[in-house]
Student: 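Handing you a structure now.
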Amino acid sequence: NVYLSTALFSEEGETAYAWGSNTWGELSDGTRAPRDAPAALFPDYPTTTTTAALAFGALHSAAIINGSLYTCGRNLNGELGLGFTSGRAETWQQPSLVGN
C-alpha cells in the first residue's frame with residue numbers, strides 16, 4: 001500500500017489541489033476514496049477563500065483558510081490537534097484557532 005498524498009496550489013494561489021491514496025481522508029473531500037488526478041482540496045470552501053498555508057503528513061493534512069486552521073485525516077496520535085484520537089475524513093476546524 002502507498003500511503004502518500006500530494007498537493008499543489010493553482011496558478012492563482014487560492015485553490016489547492018490534491019491527489020493520492022486518501023486512505024484516512026487526508027485529501028479533505030469527505031471520503032476515503034483514492035484520487036489519481038488533481039481535485040480541489042478543502043472543496044467545501046469557495047475559490048474566493050484565502051488559503052495561506054498547507055501542510056501534509058503521510059496520513060493527514062492541514063490548511064489555514066481565512067485565518068482559521070482546518071485539519072483532516074488519520075489522528076492516531078492526536079496529529080489533528082482536536083483533543084481526541086479518532087480520524088476524520090471530513091474537514092474539521094480547530095476550535096482553539098479560529099480566525100476573525
Side-chain angles (χ1 to χ4, degrees):
N1 289 338
V2 176
Y3 292 107
L4 301 177
S5 300
T6 306
L8 60 96
F9 278 107
S10 69
E11 289 182 18
E12 295 81 27
E14 292 182 359
T15 302
Y17 295 89
W19 63 94
S21 66
N22 204 27
T23 305
W24 290 93
E26 63 271 23
L27 299 183
S28 77
D29 63 1
T31 75
R32 293 183 182 198
R35 295 201 176 270
D36 59 3
L41 183 65
F42 299 98
D44 295 335
Y45 302 94
T47 57
T48 57
T49 61
T50 302
T51 303
L54 287 175
F56 281 85
L59 301 172
H60 64 280
S61 60
I64 297 174
I65 300 172
N66 293 338
S68 294
L69 176 64
Y70 296 86
T71 58
C72 58
R74 190 168 186 193
N75 194 32
L76 181 65
N77 297 300
E79 298 93 318
L80 303 184
L82 301 173
F84 52 85
T85 57
S86 59
R88 292 280 188 196
E90 69 278 356
T91 304
W92 191 264
Q93 186 175 18
Q94 173 47 266
S96 62
L97 298 172
V98 176
N100 296 326

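All residue numbers in this chain count up from 1 along the given sequence.
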Student: What heavy-atom pair brings Gly81 and Asn75 nearest, and what distance separates the two atoms?
Tutor: N-OD1, 4.4 Å
Student: Counting N and O atoms only, with roles assigned by atom type, does the side chain of Ser61 sit under 3.5 Å from a partner on the main chain of Leu27, one being a donor and the other an acceptor?
Tutor: no
Student: Working to the nearest 0.5 angstrom, can you tell me the gap between Leu80 CG and Thr85 OG1?
Tutor: 10.0 Å
Student: Drop me the distance from Asn22's CG to Asp36's CG, to the nearest 0.5 angstrom.
Tutor: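 Taking CG in Asn22 and CG in Asp36, the distance rounds to 12.0 Å.
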Student: Would you mind reporting whether His60 and Thr71 have side-chain heavy atoms less than 4.5 Å apart?
Tutor: no
Student: Please give me the minimum heavy-atom distance between Glu26 and Cys72, naming the atom from each residue.
Tutor: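 For Glu26 versus Cys72, the nearest heavy atoms are O-SG, 3.8 Å.
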Student: What's the separation between atom CZ in Arg74 and atom CD in Glu79, rounded to the nearest 0.5 Å?
Tutor: 7.5 Å
Student: Of all heavy-atom pairs between Leu59 and Trp24, which one has the smallest distance, and what is that distance?
Tutor: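 In this case the closest contact between Leu59 and Trp24 is CD2-CD1, 3.7 Å.
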Student: Let me confirm one number: the CD-CG distance from Gln93 to Leu82, rounded to the nearest 0.5 Å.
Tutor: 11.0 Å
Student: Measuring from Ser86:OG to Leu76:CG, what's the distance to the nearest 0.5 Å?
Tutor: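 Reported value, rounded in 0.5 Å steps: 11.0 Å.
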Student: Can you name the nearest heavy-atom pair linking Pro38 to Trp19, along with the distance?
Tutor: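 Looking at all heavy atoms of both residues, the shortest contact is CG-CE3, 3.7 Å.
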